[in-house]
Protein chains: 2
Amino acid sequence: MRSYGQYCAVAKALDVIGDRWALLIVRELLLTGPSRYTDLRQGLPGIATNLLTERLRDLEAAGVLVRREAPPPVASTLYELTERGRGLRAVVHELGLWGAPYMAEGPAAEDAFRSHWMAWPVEAFLRDSRPEQGPASLELRAGEDSLVVEVAEGVVSARPGPADGPDATLTGPPHALLGVLSGGLPLGRAKERGVDVRGDEQVLERLLPRAGSLAVSLT
Amino acid sequence: MRSYGQYCAVAKALDVIGDRWALLIVRELLLTGPSRYTDLRQGLPGIATNLLTERLRDLEAAGVLVRREAPPPVASTLYELTERGRGLRAVVHELGLWGAPYMAEGPAAEDAFRSHWMAWPVEAFLRDSRPEQGPASLELRAGEDSLVVEVAEGVVSARPGPADGPDATLTGPPHALLGVLSGGLPLGRAKERGVDVRGDEQVLERLLPRAGSLAVSLT
DNA sequence: CCGCATCCGGGGCGATACTG
DNA sequence: CAGTATCGCCCCGGATGCGG
């Protein structure tokens with residue numbers, strides 16, 4: 001992008017990651033780790049292929065990410081954040097916090113959704129209230145893809161799915177699932193809104209926040 | 001700007017403040033408080049007047065800022081952040097932290113600079129090491145305009161200048177002044193680089209960080 | 001002087017088609 | 001799978017004009 005031409009740290013940052021789609025590419029790499037071109041495209045619905053290529057080049061030139069050749073038998077090029085790129089975690093996190101209220105309205109008619117985007121609310125909202133219990137896993141499905149939430153020794157983590165024999169599976173529309181994650185939508189009401197729970201419901205009780213306990217509600 | 005069409009908090013945030021110049025307008029209002037159109041233009045060198053107008057309209061429609069009619073005898077319209085707009089402070093702060101390393105290289109040939117942009121490094125870097133002493137003031141000048149730093153009872157604050165009888169005045173090129181503020185450039189070397197100190201130099205010793213004590217150096 | 005509105009050229013962006 | 005090529009459009013940038 002054209003430089004703002006201002007000797008100011010905020011302007012200099014925007015010179016590098018202020019381009020359209022740039023921070024969303026960083027979001028994808030933060031959420032999913034090293035990714036192939038096609039995976040990035042999958043996680044960035046709406047992006048034009050030439051723009052994705054151009055941004056990847058720009059961000060590589062700026063030292064935000066690197067291309068890496070995966071060893072055989074995969075034999076594919078991977079895009080991976082550098083240390084400098086991972087330094088954008090706080091920026092993306094604050095943007096997500098600020099944008100969270102817009103999620104309460106529910107998706108616009110044409111909005112796309114990917115389950116792995118829930119990794120951010122999962123790590124922001126979910127806590128292990130029973131750290132003395134053994135490890136457990138939970139699969140979230142809100143469309144084609146899925147997200148796996150794993151908890152062990154008090155630590156909650158998320159990664160793109162699917163899960164291998166999860167203790168529970170939560171399926172439903174994105175808005176309802178986010179409502180459940182944020183604690184604003186009790187499980188009973190969520191079921192009325194199309195959320196389906198399979199497996200051990202106690203995993204949910206272990207992880208979910210209490211209603212109204214958070215500053216941000218996605219209901 | 002055109003929506004990303006993604007049901008994700010980060011994308012929704014960028015739908016609102018991802019437009020070019022939008023976050024820099026927020027930066028200005030965070031730094032200087034309620035401002036007139038002309039003052040904003042002064043603090044945003046390089047912006048086209050139609051774009052400033054258009055962004056102000058967009059941000060007003062989004063609830064980030066409000067227009068307010070100043071009472072006589074000023075009789076001017078003021079632009080002011082809403083509570084929601086002030087919520088962007090953390091976003092701008094993290095962007096500044098991430099962009100700070102680019103300041104170390106010094107300004108590009110065509111970079112503009114405004115003294116009040118130093119308000120961010122001032123509040124990020126300066127601490128009152130002698131809170132038992134009375135209030136003091138310091139004026140920073142790096143061009144036409146100036147920034148006033150005031151310290152009282154351990155609290156350091158900054159506002160656009162000029163100062164009324166400051167205890168000390170620091171004048172010089174932007175890069176050198178930032179080096180002094182960040183603690184990476186000792187005052188002796190700074191004087192070799194064109195920094196001029198007038199008044200009570202002890203005010204500086206009271207405020208400046210020790211060399212190397214900060215994670216970010218602007219030298 | 002302040003606070004815009006209008007006009008126009010250029011380039012970034014978006015959608016699709018195509019290729020090694 | 002991982003891009004390249006093409007093309008239309010709209011946003012952006014710079015200049016100018018203009019009413020209060």
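Keep in mind that this is a model prediction, so the values were computed, not measured. Order of the sequence lines fixes the chain letters, A, B, ..., with proteins taken first and strands second; residue numbering starts at 1 for each chain.
- The separation between A/Glu69 atom CD and D/dG3 atom C1' is 13 Å, rounded to whole Å.
- Of the two residues near DNA chain D, A/Leu56 and B/Leu51, the one whose nearest nucleotide lies more 5' is A/Leu56.
- Between D/dA2 and A/Ser76, a contact under 4.0 Å exists linking OP1 or OP2 to a side-chain N or O.
- Put simply, CG on A/Leu40 is 13 Å from P on D/dC1, counting in whole angstrom units.
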Exercise. Do B/Arg36 and B/Gln42 pass the side-chain hydrogen bond (donor to acceptor under 3.5 Å, both in side chains) test, and can you show the C-alpha distance, the side-chain angles, and the key distance before you say yes or no?
Worked result: CA-CA 10 Å; B/Arg36 295 179 305 172; B/Gln42 239 293 309; over 6 Å; no
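- Taking the ring centre of B/Trp98 as origin, the terminal cationic atom of A/Arg84 falls inside the region bounded by 6.0 Å and 45° from the ring axis.
- Straight-line distance from the OH atom of A/Tyr4 to the C1' atom of D/dC12: 11 Å, rounded to whole Å.
- Applying the ring-ring contact (aromatic ring centres under 6.0 Å, His included) test to every pair with at least one member in residues 54-96 of chain A, sequence neighbours left out, gives these pairs: A/His93-A/Trp120.
- Read 5' to 3', the first and last nucleotides of DNA chain C with an atom closer than 4.0 Å to a heavy atom of chain A are C/dC13 to C/dA17.
- The residue A/Arg2 sits close only to the backbone: its heavy atoms come under 4.0 Å of sugar-phosphate atoms, none of a base.
- Ion pairing between A/Asp111 and B/Lys12 holds under the 4.0 Å rule for side-chain N and carboxylate O.
- Taking atom CG of residue B/Leu52 and atom P of nucleotide D/dG14, one finds them 14 Å apart after rounding to whole Å.
- The minimum heavy-atom distance linking B/Val148 with B/Gly161 is given by the pair CG2-CA, 3.4 Å.
- Within the structure, ring-ring contact (aromatic ring centres under 6.0 Å, His included) pairs that include any residue of residues 25-47 of chain B do not occur (at least two apart or interchain).
- Exactly one residue among B/His116, B/Arg114, B/Glu139 makes a side-chain hydrogen bond (donor to acceptor under 3.5 Å, both in side chains) with B/Ser146. That residue is B/Glu139.
- The side chain of A/Arg67 places an N or O atom within less than 4.0 Å of a non-bridging phosphate oxygen (OP1 or OP2) of D/dG3.
- Between A/Thr77 and D/dG3 there is a side-chain N or O to OP1 or OP2 distance below 4.0 Å.
- The number of heavy atoms from other shown groups lying within 6.0 Å of CZ (B/Arg41) does not exceed 12.
- Separating the CG atom of B/Asp58 from the P atom of D/dC10 is a distance of 17 Å, rounded to the nearest angstrom.
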Listing time: all N or O pairs from protein to nucleotides 6-8 of chain D that are below 3.5 Å?
{"residue": "D/dT6", "atom": "O4", "partner": "A/Asn50", "partner atom": "ND2", "Å": "3.2"}

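- Put simply, CE on A/Met1 is 12 Å from C1' on D/dC11, counting in whole angstrom units.
- Between the B/Thr82 side chain and the B/Val64 main chain, a donor and an acceptor come within less than 3.5 Å of each other.
- The aromatic rings of A/Tyr7 and B/Phe113 lie tilted to each other, with the angle between the two planes from 30° to 60°.
- You'll find the ring centres of B/Trp21 and A/Tyr4 inside the 6.0 Å limit.
- In this structure, B/Asp196 does not pair ionically with B/Lys191, as no charged nitrogen and carboxylate oxygen lie closer than 4.0 Å.
- As rounded to whole Å, 11 Å separates atom C1' of D/dC12 from atom CD1 of B/Ile47.
- A salt bridge links B/Glu83 and B/Arg86; the closest N-O separation between the charged side-chain nitrogens and carboxylate oxygens is under 4.0 Å.
- Judged by closest nucleotide on DNA chain D, B/Arg55 is the one of B/Arg55 and B/Thr49 placed further toward the 5' end.
- The end-to-end axis angle of the helix from C/dC1-D/dG20 to C/dG20-D/dC1, rounded to 10 degrees and based on five pairs per end, is 30°.
- Environment of CZ in A/Arg198: sparse, with no more than 12 heavy atoms of neighbouring residues, nucleotides or ligands closer than 6.0 Å.
- Rounded to a whole Å, the CH2 atom of B/Trp21 is 7 Å from the P atom of D/dG13.
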Under 3.5 Å, which protein N or O atoms sit close to an N or O of nucleotides 18-20 of chain D? Give each pair with its distance.
none

